[in-house]
Amino acid sequence: MPTLGVAIISKNAAAHLASCLAAVSWADQIVVLDSGSSDNTESIARAAGVRFEQTSDWPGFGIQKNRAIALLDTDWVLALDTDEIVSPELAQAIRHAIAEPRADVYRLERSSAFCGQWVAHSGWNNDWVARLFKRGAAHYSDDLVHERLVHNAAAQPLAGKLLHYSYDDFETVLNKINSYSSAGAAQRFAKGKQASLGMAILRGLWAFLRTYLLKRGFLDGRAGFLIALMNAETTFYRFVKLEQLGRVSARSKEQ
C-alpha cells in the first residue's frame, strides 16, 4: 500500500491545529514545521503524536512548505495549512486515490469561512487547490506569499471538501492585511517592480469592485462587503509599501 505524508507549516496555530491533525490522523506520517510559535502550537502537535520541528528563520511560505515536504519520506504528500480540515468524504477520496492512482497530482475543493460565516461568492467559490501529489511530481514556488504548487501533470479533482477556517475574527483580518501586504510589497520590490500612491488608490478601488460586484460579493451580505474591503485594503497597502520601499532605495543610492 502506498504511504501518505502530511506536510504542515505553522506559527501560532493553536486555534484549529488539533482539528486539522485529527482529521488526517490516519496518515502514515505527519510533520508540523513551525517558525517560532508563542502559543501552545507545539504542545498540541506533540500531544497528537506528530513530528514537530522548528526553524529559526522565515524564508517565506513557498520555501517553508518545501522544507516541510522534505521532512517526509512517503510515496505521496498532502500539503495542508493549519486552518484547513479534511472532511470525512475527502479523506476517503484521498485514500482511494493513492491506493488506485489515476494521476500524479490531485486538486481539492476548498470551502472557506470568514468570521464564522461560510462564503459562497466573493471569489471564494469554485476554489480548487492542488494539494495531493506523488513524491517528486510537484513542489512549491519560492514566493514569499501567495505561493503555488508547481507541477507539469494536470491536477485531477477529488470528491469531498477541504474546510478552510481562514479568518476567525477581525484581529486576524487586520493582522493578515498587514503581513500579506508587507510580504507582497517585498516580493514585488525584489522583482524590480515600482509603485505610486495613485497606483495604490486605483488598484485598491479595483480590488473592491472586482470582489464585491464582478465576483458577486454582495450576495454574501455582510461578509461579502468585509471581504471586498479587506481585499481593497491589502492591495492598497501593498502598493503603498512598495512605493515606500522604492523611496528608501532611491535615498540610499543618493547617499
Using modelled atom types only, decide if a donor and an acceptor are shared between the side chain of Arg148 and the backbone of Ser141 within a distance under 3.5 Å. no

Assess whether atom CD of Gln92 is packed by more than 12 heavy atoms of other residues, nucleotides or ligands within 6.0 Å. no

In a check of side-chain contact (heavy atoms from CB on, under 4.5 Å) between Arg51 and each of Leu33, Val31, Val32, which one passes? Val31

Can you check whether Asp75's main-chain N or O pairs, donor with acceptor, with Arg135's side chain at less than 3.5 Å? no

Could you tell me whether a side-chain N or O of Lys241 sits under 3.5 Å from a main-chain N or O of Asn178, the two making a donor and an acceptor? yes

Looking only at atom types and distance, does a side-chain atom of Thr235 sit under 3.5 Å from a main-chain N or O of Asn231, one as donor and one as acceptor? yes

Which atom pair, heavy atoms only, marks the closest approach of Asp57 to Ser35? O-CB, 4.4 Å

State whether a side-chain donor-acceptor pair under 3.5 Å links Thr74 with Asp28. no

Side-chain ion pair, Lys65 and Asp81, N-O less than 4.0 Å: yes

Side-chain touch Leu132/Leu4, heavy atoms, less than 4.5 angstrom: yes

Would you say Ile227 and Leu205 are hydrophobically clustered, going by side-chain heavy atoms of ILVMFWY under 4.5 Å? yes

Does the Ser166 side chain pair with the main chain of Ala113, one donor and one acceptor, at a distance under 3.5 Å? yes

Please check if atom NZ in Lys193 has more than 12 non-hydrogen atoms from other residues, nucleotides or ligands closer than 6.0 Å. no

Can we say Arg67 and Glu53 salt-bridge, meaning some charged N sits less than 4.0 Å from an Asp/Glu carboxylate O? no

Using modelled atom types and a 3.5 Å cut-off, is there a donor and acceptor pairing between side-chain atoms of Asp220 and backbone atoms of Ala120? yes

So, applying side-chain contact (heavy atoms from CB on, under 4.5 Å) with Leu17, which one of Ile44, Asn12, Val50, Asp39 is it? Ile44

Measure the shortest side-chain to side-chain distance between Gln187 and Val145 over non-hydrogen atoms and say whether it is less than 4.5 angstrom. yes

